[in-house]
Peer 1: 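Structure provided below as structure tokens; questions to follow.
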Amino acid sequence: MPPCDSVKALAVVLSQHGAPFSVADIINGFNKTIFAVSLAPCSFQDTSFVFTLAPATYRYLGVAQLYGDSINHDWRIVGFAHTPDDSAIVYNMTPGKADDTTVLTVRFDTLIRQPFIQ
């Protein structure tokens with residue numbers, strides 16, 4: 001893993017499309033379902049986010065790290081919402097539904113399975 005000061009940005013990736021997907025999909029915003037998170041270098045701490053979603057089925061929720069200078073290539077997933085068998089959790093959001101139970105653990109010391117198309 002690169003040193004902590006190489007973390008350029010983190011993005012909460014919420015997609016109606018399931019993995020695999022391309023890095024370009026993150027850049028293009030999965031139809032505007034990317035929630036960018038700005039962090040000062042090396043300030044990794046517990047953080048809570050609340051956002052409103054359009055009613056839909058979302059098939060992937062994760063955290064992507066931009067670790068280099070190329071916004072078109074230097075991304076990796078550092079955490080994602082998953083079941084005990086490592087499958088992505090599917091969220092069926094209906095009008096008026098709230099889900100405040102999701103916890104994403106981001107591991108900067110161990111790279112998780114990457115969902116990207118090569």
Side-chain angles (χ1 to χ4, degrees):
M1 300 293 282
C4 62
D5 62 356
S6 69
V7 176
K8 308 294 185 186
L10 292 178
V12 176
V13 177
L14 180 65
S15 172
Q16 293 178 13
H17 309 283
F21 42 80
S22 70
V23 170
D25 290 329
I26 291 177
I27 304 304
N28 294 331
F30 282 136
N31 300 318
K32 308 300 180 204
T33 57
I34 299 294
F35 301 92
V37 179
S38 177
L39 294 178
C42 302
S43 67
F44 311 119
Q45 49 194 290
D46 289 349
T47 306
S48 295
F49 297 95
V50 175
F51 40 85
T52 302
L53 303 172
T57 298
Y58 296 92
R59 301 185 185 285
Y60 194 88
L61 173 63
V63 177
Q65 172 192 18
L66 177 62
Y67 61 88
D69 294 326
S70 175
I71 196 165
N72 294 311
H73 299 288
D74 295 341
W75 288 92
R76 67 176 143 231
I77 300 296
V78 291
F80 76 106
H82 58 86
T83 62
D85 70 351
D86 206 31
S87 297
I89 294 174
V90 175
Y91 298 90
N92 293 306
M93 302 305 291
T94 57
K97 181 180 179 183
D99 185 333
D100 60 359
T101 61
T102 300
V103 175
L104 289 170
T105 300
V106 175
R107 298 282 313 258
F108 292 101
D109 61 342
T110 306
L111 193 59
I112 64 170
R113 176 174 45 94
Q114 297 298 295
F116 298 116
I117 299 167
Q118 297 300 324

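Residue numbers start at 1 and run along the sequence shown.
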Peer 1: Heavy atoms, side chains only, cut-off 4.5 Å: are Leu61 and Thr102 in contact?
Peer 2: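 Touching, per the 4.5 Å side-chain cut-off.
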Peer 1: Could you work out, with salt bridge (Lys or Arg N to Asp or Glu O under 4.0 Å) as the rule, every residue matching Asp69, not counting sequence neighbours?
Peer 2: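 Asp69: salt bridge (Lys or Arg N to Asp or Glu O under 4.0 Å) contacts with Lys8.
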Peer 1: What residues form a ring-ring contact (aromatic ring centres under 6.0 Å, His included) with His73, not counting sequence neighbours?
Peer 2: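 Partners of His73 under the ring-ring contact (aromatic ring centres under 6.0 Å, His included) test: none.
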Peer 1: Is the shortest side-chain heavy-atom distance between Val13 and Trp75 below 4.5 Å?
Peer 2: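 The answer is no, as the side chains (C-beta and beyond) never meet within the 4.5 Å cut-off.
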Peer 1: Rounded to the nearest 0.5 Å, what separates atom NE2 in His82 from atom CG in Leu104?
Peer 2: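 Nearest 0.5 Å value for the NE2-CG distance: 8.5 Å.
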Peer 1: So Thr83 and Ile89, do their side chains get closer than 4.5 Å, heavy atoms only?
Peer 2: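 Yes. Closest side-chain heavy atoms under 4.5 Å.
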Peer 1: Working to the nearest 0.5 Å, report the span between CG of Leu14 and CE of Met93.
Peer 2: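 Reported value, rounded in 0.5 Å steps: 9.0 Å.
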Peer 1: Just how far is it from atom CG of Leu66 to atom CZ of Arg76, taken to the nearest 0.5 Å?
Peer 2: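 Separation between the atoms: 9.5 Å.
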Peer 1: Closest heavy-atom contact between Val78 and Gln65?
Peer 2: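 Taking Val78 first and Gln65 second, the nearest heavy atoms are CG1-OE1, 3.3 Å.
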Peer 1: If you compare all heavy atoms of Tyr91 against all heavy atoms of Ala81, which two are closest, and at what distance to 0.1 Å?
Peer 2: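 In terms of heavy atoms, the two residues are closest at OH-CB, 3.4 Å.
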